[in-house]
J.: 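Quick one: this structure, given as structure tokens, is what I'll be asking you about.
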Amino acid sequence: MADNARAKKLADLIQEVVAEKLQRGIKDPRLGTHVTITDTRVTGDLREATVFYTVYGDDEDRASAAAGLESARGILRSAVGAAAGTKFTPTLAFVADALPENAKAIEELLDRARASDAKVREASSGATYAGGADPYRKPEDEADEAAASGDDDGDTTSA
């Protein structure tokens, strides 16, 4: 089993080689310039690599890019093998990255939170404190209250 540093280094190399080959070496019109390699992960034994990608466009563009990547898998693996110089070239699996959809969902949630915060800020704009600005008791306040009620903490024994 390889150490994590070697797997990370190989993953970075695979990401770079695949991106370069997609941009310059493969003439498939399905891939074009709207495919971006976002991340690559390699297993600990350096036998399998998962390449994450995003596609700029609609669902039809995503489906055609996935088909184009599958058809170019052998060419891309050969390019990785030539660049890596390892005994065994890892097999490549292409997975569509869910990052853009997740980012969009998070952005929508943040927009809702901002709107809710604005409503609360608007509702509390004319509000005042219920029990004063500082609701906590302080030791000097307790001493004042004890003196006002005639109860001092000294022992008074009546004989």
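Residue numbers start at 1 and run along the sequence shown.
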J.: Looking at every heavy atom in both Val55 and Ala65, which two are closest together, and how far apart are they?
T.: CG2-CB, 3.6 Å
J.: Is there a donor-acceptor pair closer than 3.5 Å between any side-chain N or O of Thr36 and the backbone N or O of Thr38?
T.: no
J.: Output the distance between atom CG (Leu46) and atom CD1 (Ile14), rounded to the nearest 0.5 Å.
T.: 8.5 Å
J.: Answer yes or no: is there a donor N or O on one side and an acceptor on the other, between the side chain of Ser78 and the main chain of Gly74, under 3.5 Å?
T.: yes
J.: To the nearest 0.5 Å, what is the distance between CG on Leu10 and OG1 on Thr40?
T.: 9.5 Å
J.: Suppose we screen for side chain to side chain donor-acceptor pair (under 3.5 Å). Which residues come up paired with Glu70, at least two apart in sequence or across chains?
T.: Arg73
J.: If we check side-chain contact (heavy atoms from CB on, under 4.5 Å) with Tyr53, which of these qualifies: Val95, Asp97, Leu69?
T.: Leu69
J.: Treat each ILVMFWY residue as a node, draw an edge where side-chain heavy atoms are under 4.5 Å apart, and state whether Leu13 and Leu92 are in one component.
T.: yes
J.: If a pair satisfies side chain to side chain donor-acceptor pair (under 3.5 Å) and one of its residues is in residues 8-20, list it, with sequence neighbours excluded.
T.: Lys8-Asp12, Glu20-Arg24
J.: Of all residues at least two apart in sequence or in a different chain, which pass the side chain to side chain donor-acceptor pair (under 3.5 Å) check with Asp117?
T.: none
J.: If I compare all heavy atoms of Val17 with all of Ala83, which pair ends up nearest, and what's the gap?
T.: CG2-CB, 3.6 Å
J.: Do you know the tightest heavy-atom contact between Arg77 and Thr89?
T.: NH2-O, 2.6 Å
J.: Pick from Thr54, Leu22, Asp61: which one makes a side-chain contact (heavy atoms from CB on, under 4.5 Å) with Val35?
T.: Leu22
J.: I need the Ser64 OG to Asp59 CG distance, nearest 0.5 Å.
T.: 11.0 Å
